[in-house]
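Notes to accompany the following structure.
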Amino acid sequence: MKFFIDNWFLFLAAAVSGGLLLWPMLNKTGGGAGKVSASDAVQMINREKAVLIDVSEPAEYAAGHVAGSKSVPLGQIETSNALPKNKALPLVVVCATGSRAGKAVATLKKLGFENSRALAGGLEAWRAANLPVEKSAA
């Protein structure tokens, strides 16, 4: 009986540790689909020429936005001319907290921008990572 219990715990420990190793990969393609951290976004910008799209309202955007981002309010995303013509380019979508960005990513994917990701935590997370933010002239 002790042999069975010892092996059961070994099996359980192996299964849990294997699951923990797979979690980051599953999180990017599964339940957390379409979200990237601020540091991952910076890597996408530097390595893959990702375009930053801010879906905040114009007043929010003017008050502060990720440096270099393009303003495309969520309500205008389907008709905007500010989106890149090359739909293969990676997009990082930003809003104040990340909630609207997730909705925007779903819309962008329907429009053919398959490589769209929301910035997890939005502008708040970007600021928390001490990354550059700028304001627009009103």
Side-chain angles (χ1 to χ4, degrees):
M1 182 72 166
K2 182 175 176 2
F3 175 77
F4 175 75
I5 292 172
D6 287 344
N7 284 335
W8 174 250
F9 282 117
L10 286 174
F11 171 77
L12 184 60
V16 169
S17 66
L20 291 174
L21 289 172
L22 289 173
W23 179 250
M25 182 175 62
L26 294 173
N27 193 33
K28 284 190 177 178
T29 59
K35 292 190 178 185
V36 293
S37 67
S39 62
D40 288 341
V42 170
Q43 286 183 4
M44 288 176 67
I45 294 162
N46 291 336
R47 295 181 182 165
E48 303 173 43
K49 307 293 184 227
V51 177
L52 289 161
I53 304 293
D54 191 313
V55 295
S56 302
E57 291 303 311
E60 293 174 294
Y61 181 84
H65 54 272
V66 172
S69 64
K70 294 182 179 186
S71 176
V72 183
L74 181 59
Q76 300 172 14
I77 204 153
E78 292 186 57
T79 58
S80 177
N81 292 326
L83 295 173
K85 302 297 178 221
N86 181 355
K87 293 185 178 186
L89 277 175
L91 302 180
V92 176
V93 184
V94 184
C95 69
T97 62
S99 59
R100 285 178 281 180
K103 293 175 186 175
V105 165
T107 301
L108 287 165
K109 288 188 177 197
K110 289 178 186 173
L111 294 173
F113 294 93
E114 290 298 322
N115 198 4
S116 300
R117 305 271 189 279
L119 179 63
L123 184 60
E124 290 176 6
W126 188 265
R127 281 186 167 136
N130 292 317
L131 293 167
V133 174
E134 60 189 14
K135 294 181 180 184
S136 300

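Every value quoted in this text rests on a predicted model; they were computed, and no experiment measured them.
- Not one N or O on the side chain of Tyr61 forms a donor-acceptor pair closer than 3.5 Å with the backbone of Pro73.
- Annotation: the span from Ile53 atom CD1 to Ser80 atom OG amounts to 7.5 Å, rounded to 0.5 Å.
- Val92 has its side chain out of reach of Val66: every pair of non-hydrogen atoms, C-beta onward, lies at least 4.5 Å apart.
- Taking all atoms of both residues into account, the shortest heavy-atom contact from Lys49 to Leu89 is O-CD2, 3.9 Å.
- When all heavy atoms of Pro132 and Trp126 are compared, the closest pair comes out as O-NE1, 2.8 Å.
- Within 6.0 Å of CG on Asn81 lie no more than 12 heavy atoms contributed by other residues, nucleotides or ligands.
- Between the Glu60 side chain and the Glu57 main chain, a donor and an acceptor come within less than 3.5 Å of each other.
- For the atom pair CG (Leu52) and OG (Ser71), the distance works out to 12.5 Å, reported to the nearest 0.5 Å.
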Worked verdict on Lys103 versus Val55 for side-chain contact (heavy atoms from CB on, under 4.5 Å): CA-CA 10 Å; Lys103 293 175 186 175; Val55 295; over 6 Å; no
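- Here Ser116 contributes atom OG and Lys110 contributes atom NZ; the two are 13.0 Å apart, rounded to the nearest 0.5 Å.
- The CG atom of Leu108 sits 11.0 Å away from the CG atom of Asn115 when rounded to the nearest 0.5 Å.
- Contact detail for Leu123 and Gly64: the closest heavy-atom pair is CD2-O, 3.3 Å.
- Residues Arg117 and Val105 come closest through the heavy atom pair C-CG2, 3.6 Å.
- Between Ala125 and Ala38, the closest heavy-atom pair is O-CB, 4.3 Å.
- Of the possible polar contacts, none joining the Lys35 side chain to the Gly121 backbone as a donor-acceptor pair under 3.5 Å is found.
- With a 4.5 Å cut-off on side-chain heavy atoms, His65 and Val94 do not count as touching.
- Here the shortest heavy-atom pairing between Cys95 and Ser56 reads CA-OG, 3.6 Å.
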What verdict does the side-chain contact (heavy atoms from CB on, under 4.5 Å) test give for Phe113 and Leu83, after you've listed the backbone C-alpha separation in whole Å, the side-chain angles of each residue and the deciding distance to 0.1 Å? CA-CA 10 Å; Phe113 294 93; Leu83 295 173; 4.0 Å; yes
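- The only member of Leu91, Val93, Ile77 that meets side chain to side chain contact (heavy atoms under 4.5 Å, CB included) when paired with Val72 is Ile77.
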